[in-house]
Amino acid sequence: MVKITLPDGTKREYKNNITIGEVASNMDSLLGERALAGKAGGVPVDLSHPIKEDISLSVITENTEEGLEILRHSAAHIMAQAVSRLFPGVKLGIGPTIENGFYYDFGLQHSLSEEDLKKIEEEMARIINEDIAFERTELPRDIAMKKMESLCQPFKVELIKDIEDDKVSFYNQGEFVDLCRGPHIQRTSKIKAFKLLSVAGAYWRGKETNPMLQRIYGTAFFTQTELNKYLKFLEEAEKRDHRKIGKDLDLFSFHEEGGSGLTFWHPKGARMRNIIENFWREEHFKRGYEILYSPHIAKINLWKTSGHWNFYRESMYSPIEVDGHEYILKPMNCPFAVLIYKTKLHSYRDLPLRWGELGTVYRYERSGVLHGLLRVRGFTQDDAHIFCTPDQLESEILGVIELGQFMLSSFGFNEYEIELSVRGKGEKEKYIGKDDVWEHAESALKIALDKKGLKYTRMEGEAKFYGPAIDIKVKDAIGRGWQGPTIQVDFNLPERFDVNYVGPDGFHHRVVMVHRTVLGAMERFVGCLIEHYAGDFPLWIAPIQMRILPITDAHIDYAKKIQAQLLSKNFRVECDMNSAKINYKIREGVLEKIPYLLIVGDKEIGSNTVSVRSRKKGNEGTLPVEDFITNVETEIREKK
RNA sequence: GCUGCUGUAGCUCAGCGGUGGAGCACGUCCUUGGUAAGGACGAGGUCAUGGGUUCAAAUCCCAUCAGCAGCUCCA
């Protein structure tokens with residue numbers, strides 16, 4: 001007999017070698033049906049796993065994260081089986097689950113196309129229909145290795161080489177066998193909904209020097225409804241693509257003639273950016289920041305002193321020769337702030353100094369990583385550098401967090417995840433700066449987060465060599481994560497540039513430098529905003545806030561009069577004077593996502609009213625112009 | 001940078017060896033229309049760029065540039 005401890009603490013006795021599946025069915029027939037795998041002593045195992053000793057046991061069922069992972073992992077195996085059937089001789093790589101799905105890497109001469117994906121899906125459906133059992137076998141390492149060698153699976157051989165255990169486990173479904181830790185579902189028919197999504201190249205084991213395999217991405221769910229929901233989400237994400245919306249709304253463009261990763265802001269995009277930047281400056285001034293401007297290029301020696309030339313040369317644009325000196329396009333703004341700081345001696349009484357800069361930097365990003373506005377080669381950081389004393393660090397961090405929260409909520413981001421990156425244990429030589437300085441800085445960051453009552457994940461060993469950091473990741477309207485504010489303490493530059501302040505003791509002390517961004521870069525942030533709002537910008541950001549639509553040419557004069565009235569109130573207002581019909585004009589305005597369309601005709605003339613059609617509510621009826629102005633002024637003030 | 005795919009009118013795309021098409025947008029004219037597309041006519045292209053194959057290339061091949069999906073990278 002074996003004694004099994006259940007998650008609720010109750011103990012039950014069963015005959016020896018009973019399987020987990022049997023235990024589950026014994027406890028509750030419904031549980032038995034919905035069981036996918038178990039956890040024996042905390043280790044995930046198959047339902048067919050026999051229990052030989054007293055152990056704690058839990059059952060992994062459908063509709064749990066763990067259950068879904070097992071399902072998807074099994075789906076990956078079924079995909080590999082289908083590919084093996086269709087392309088005999090395929091070399092199998094790895095096939096793990098990932099967030100929202102799974103993938104499998106294949107070494108294959110034939111390059112896979114979308115049509116192949118369809119064929120593979122059909123084969124998978126066949127395998128699922130065949131209702132094949134997943135069977136686990138264990139082999140000694142050397143025999144396992146020979147088995148994979150005889151099957152001509154070099155990648156699997158390599159994987160086995162790295163396994164430390166003496167025993168290696170395999171799973172097979174019918175003719176297909178794969179090296180795998182498991183667990184898996186019992187039978188292929190358990191997969192009720194799956195879809196293959198895309199195919200792309202991927203290096204074997206993620207190393208650039210390794211051969212490139214073909215990776216098929218797919219996903220699987222317990223029900224078709226859930227799959228459909230996920231596919232809908234993908235569709236929604238595609239609709240929000242800032243590259244498409246940016247083109248449709250005439251916000252920005254890129255040009256072959258200009259160069260990759262260099263943004264051309266059109267009037268409407270520039271207008272948005274300007275609104276954001278003005279808001280940004282105002283809020284910074286309110287919080288005791290000053291604003292700097294610095295050059296776009298500087299002599300190479302400055303970058304040698306800062307260390308950038310040494311560490312990040314591959315990411316910098318090549319030197320430009322001027323008058324026998326080499327100049328570099330700036331990849332960062334910080335050395336400039338340091339130079340300005342050093343133009344005079346600073347007393348501790350002057351600190352903290354908070355210097356912001358919307359500084360445009362250029363970084364040579366590898367061609368394959370560029371992506372719309374989100375990853376570019378030239379971008380404007382909403383940068384700031386805070387020079388303070390060690391004692392001020394905590395309150396400065398607190399101030400930055402508060403500013404960050406304020407800015408994010410202004411743009412409709414209210415959910416975030418926070419990471420605190422600190423030194424790794426036992427590798428102090430990797431980091432610059434003294435121990436006590438590090439400890440002080442790390443605790444200042446931590447205390448600031450705690451004081452704000454913010455939850456965060458401590459990331460051991462994730463700190464840069466020059467200081468600890470806080471990274472805030474925001475969630476957009478459909479739950480996707482985006483890089484938000486970052487706060488980075490920097491011990492490197494103050495050392496390299498010998499940046500000091502005079503303390504109360506009359507001696508020079510090393511200044512503490514904090515580097516931070518709130519929005520990141522204007523390019524990336526605008527890209528993010530486009531996707532977050534799907535182009536339906538709140539009134540205060542919308543490049544065009546309202547458009548007046550005269551019903552016939554006879555109403556143009558009145559429309560212009562209203563336009564002038566609204567312009568005088570600083571609204572961004574257009575007048576549509578095309579001779580198209582009103583329905584047509586409305587359609588155009590709606591497609592351009594203009595928050596307010598103001599229709600004017602005979603009814604409005606004389607009563608000094610406008611017929612309001614809002615993007616949010618549609619036809620809102622006729623309103624005196626003054627009332628309309630009051631309403632939108634409120635809406636702008638509330639940033640809704 | 002790597003693998004695969006793509007580049008045809010302002011936009012979205014069809015054409016895939018025999019000297020270029022559609023819809024929308026644009027222009028002119030007609031129409032003066034009340035909450036998501038009125039009509040007619042017209043203008044627009046060295047088919048990304050540079051080579052090659054061929055009697056003949058938008059179409060096949062190579063290179064370059066640019067984009068897309070990933071991988072790798074992101075101070």
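Just so we're on the same page: letters track the sequence lines, and every chain starts at 1.
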Practice problem: Not counting sequence neighbours, which residues clear salt bridge (charged side-chain N to carboxylate O under 4.0 Å, His left out) with A:Glu495? List them please. | Solution: A:Arg510
Practice problem: State whether A:Tyr584 places a side-chain N or O below 4.0 Å from either non-bridging phosphate oxygen (OP1 or OP2) of B:C24. | Solution: no
Self-check item: Who pairs with B:A58 - Watson-Crick or G-U, where each distance is under 3.5 Å
Solution: none
Practice problem: Please give the nucleotide sitting opposite B:U19 as a Watson-Crick or G-U wobble pair, both distances under 3.5 Å, or none. | Solution: none
Quiz item: When rounded to the nearest Å, what value does the distance between C1' atoms of B:U31 and B:C68 take?
Solution: 44 Å
Self-check item: Aromatic plane relationship, A:Trp438 with A:Tyr431 - under 30° parallel, 30 to 60° tilted, over 60° perpendicular
Solution: perpendicular
Quiz item: Which whole-number value in Å describes the distance from A:Arg587 CZ to B:C24 P?
Solution: 11 Å
Self-check item: Contact pattern, 5' to 3', of nucleotides 62-70 of chain B - B, S or - by protein heavy atom under 4.0 Å
Solution: ---BSSSBB
Exercise. Send over the distance from A:Lys207 NZ to B:U3 C1', rounded to a whole Å.
Key: 18 Å
Enumerate the protein-to-nucleotides 28-32 of chain B contacts in which both atoms are nitrogen or oxygen and the separation is below 3.5 Å.
| from | atom 1 | to | atom 2 | distance (Å) |
| --- | --- | --- | --- | --- |
| B:U32 | O2 | A:Asp553 | N | 3.1 |
| B:U32 | N3 | A:Asp553 | OD2 | 3.3 |
| B:U32 | O4 | A:Asp553 | OD2 | 2.9 |

Quiz prompt | B:C16 and B:U59, which share atom name C1', separated by this distance in whole Å | solution = 4 Å
Quiz item: Can you list the residues that meet the salt bridge (charged side-chain N to carboxylate O under 4.0 Å, His left out) rule with A:Lys560, with sequence neighbours excluded?
Solution: none
Self-check item: Gap in Å between the two C1' atoms, one belonging to B:A14 and one to B:C74, rounded
Solution: 40 Å
Quiz item: So what does A:Ser111 touch, heavy atoms closer than 4.0 Å: a base, only the sugar-phosphate, or nothing?
Solution: sugar-phosphate
Quiz prompt | Set of salt bridge (charged side-chain N to carboxylate O under 4.0 Å, His left out) partners for A:Asp248, sequence neighbours left out | solution = A:Lys244
Exercise. Quote, to the nearest angstrom, the P distance that separates B:U28 from B:G44.
Key: 16 Å
Quiz prompt | NZ/NE/NH1/NH2 to OD/OE distance under 4.0 Å, A:Glu523 and A:Arg375 | solution = no
Practice problem: Select from A:Leu591 and A:Pro550 the residue whose nearest nucleotide in RNA chain B is closer to the 5' end of that strand. | Solution: A:Pro550
Quiz item: Looking only at side-chain N and O atoms, does A:Tyr312 come under 4.0 Å of OP1 or OP2 in B:C74?
Solution: no
Quiz item: In whole Å, what separates the C1' atom of B:G17 from that of B:C61?
Solution: 13 Å
Practice problem: Look at the aromatic rings of A:Tyr362 and A:Tyr317 and report parallel, tilted or perpendicular, splitting at 30° and 60°. | Solution: perpendicular
Exercise. Would you please name every residue forming a ring-ring contact (aromatic ring centres under 6.0 Å, His included) with A:Phe155, sequence neighbours left out?
Key: A:Trp204
Exercise. Sticking with atom P, work out how far B:A69 lies from B:G52, rounded to a whole angstrom.
Key: 35 Å
Exercise. Classify every nucleotide of nucleotides 8-15 of chain B by which part a protein heavy atom approaches to under 4.0 Å, writing B for the base, S for the sugar-phosphate alone and - for neither, in 5'-to-3' order.
Key: ---SS---
Quiz item: Does A:Arg375 make a side-chain donor-acceptor contact with the base of B:C73, cut-off 3.5 Å?
Solution: yes
Practice problem: Classify the nucleic acid contact of A:Tyr364 as base, sugar-phosphate or nothing, counting any heavy atom under 4.0 Å across all strands shown. | Solution: sugar-phosphate
Quiz item: Which residue pairs pass the side-chain hydrogen bond (donor to acceptor under 3.5 Å, both in side chains) test when at least one of the two sits in residues 545-555 of chain A, sequence neighbours left out?
Solution: A:Arg547-A:Glu574, A:Arg547-A:Glu592, A:Thr552-A:His555, A:His555-A:Asp602
Practice problem: Specify the residue among A:Arg363 and A:Gly621 whose closest nucleotide of RNA chain B lies further upstream toward the 5′ end. | Solution: A:Gly621
Exercise. Give the rounded distance in Å between these two atoms: OH of A:Tyr317 and P of B:A75.
Key: 17 Å
Quiz item: Do any side-chain nitrogens or oxygens of A:Arg613 fall under 4.0 Å of OP1 or OP2 in B:A36?
Solution: yes
Quiz item: Is B:G44 syn or is it anti, if syn means the base angle is within 90 degrees of 0?
Solution: syn
Quiz item: Who passes salt bridge (charged side-chain N to carboxylate O under 4.0 Å, His left out) against A:Lys473, sequence neighbours left out?
Solution: A:Glu419
Self-check item: Spacing of A:Leu117 atom CG relative to B:G4 atom P, expressed in whole Å
Solution: 16 Å
Quiz prompt | Base partner of B:U3, which must satisfy Watson-Crick or wobble distances under 3.5 Å | solution = B:A69
Quiz item: Quick one: is the NZ or CZ of A:Lys593 closer than 6.0 Å to the six-membered ring centre of A:Phe537, and within 45° of its axis?
Solution: no
Quiz item: Can you tell which of B:A75, B:G34, B:U72 lies closest to the side chain of A:Arg366?
Solution: B:U72
Quiz item: Hey, is A:Arg240 close enough to A:Glu236 for a salt bridge, meaning N to O under 4.0 Å?
Solution: yes
Quiz item: Between A:Glu158 and A:Lys91, does at least one N-O distance fall below 4.0 Å, as a salt bridge requires?
Solution: no
Exercise. For B:U53, give its Watson-Crick or G-U wobble partner with both distances under 3.5 Å, or none.
Key: none
Quiz item: Is B:U28 paired to anything, Watson-Crick or G-U wobble with both distances less than 3.5 Å, and if yes, which nucleotide?
Solution: B:A40
Quiz item: Could A:Lys119 and A:Glu121 be called an ion pair, given the rule that one side-chain N must be under 4.0 Å from one carboxylate O?
Solution: no
Practice problem: Determine the contact category for A:Tyr466: base if any of its heavy atoms lies under 4.0 Å from a base atom, sugar-phosphate if only primed atoms, P, OP1 or OP2 are that close, otherwise nothing. | Solution: sugar-phosphate
Quiz item: Where along residues 478-497 of chain A does a heavy atom fall under 4.0 Å from RNA chain B?
Solution: none
Quiz item: Considering every strand shown, what is the Watson-Crick or G-U wobble mate of B:C74 when both distances are under 3.5 Å?
Solution: none
Quiz item: Taking the P atom of each, how far is B:G21 from B:G15, in whole Å?
Solution: 15 Å
Self-check item: Atom-pair distance (CG on A:Asp383; P on B:A75), nearest Å
Solution: 14 Å
Exercise. Provide the distance between the two C1' atoms, one in B:G42 and one in B:G4, to the nearest whole Å.
Key: 43 Å
Self-check item: With A:Phe413 via side chain to side chain contact (heavy atoms under 4.5 Å, CB included) - residues at least two apart
Solution: A:Leu408, A:Phe411, A:Val474, A:Asp476, A:Phe525, A:Cys528, A:Leu529, A:His532
Quiz item: Using a cut-off of 4.0 Å on non-hydrogen atoms, how would the nucleic acid contact of A:Glu620 be classed: base, sugar-phosphate, or nothing?
Solution: nothing
Quiz item: Can you tell if the side chain of A:Val83 reaches within under 4.5 Å of the side chain of A:Tyr104, non-hydrogen atoms only?
Solution: no
Practice problem: Could you tell me whether A:Arg215 sits above the aromatic face of A:Tyr103, with NZ or CZ closer than 6.0 angstrom to the six-membered ring centre and within 45 degrees of the axis? | Solution: yes
Exercise. Check every strand shown and say whether A:Ile582 touches a base, only sugar-phosphate, or nothing at a heavy-atom separation below 4.0 Å.
Key: sugar-phosphate
Practice problem: Scan every strand shown for a Watson-Crick or G-U wobble partner of B:U46, both distances under 3.5 Å, and answer none if you come up empty. | Solution: none
Quiz item: Between the side-chain atoms of A:Glu314 and the base atoms of B:G1, is any donor-acceptor pair under 3.5 Å?
Solution: no
Quiz item: Of all residues at least two apart in sequence or in a different chain, which pass the side chain to side chain contact (heavy atoms under 4.5 Å, CB included) check with A:Ser260?
Solution: A:Leu370, A:Arg377
Quiz prompt | A:Arg516 CZ - B:A75 C1' separation (whole Å) | solution = 17 Å
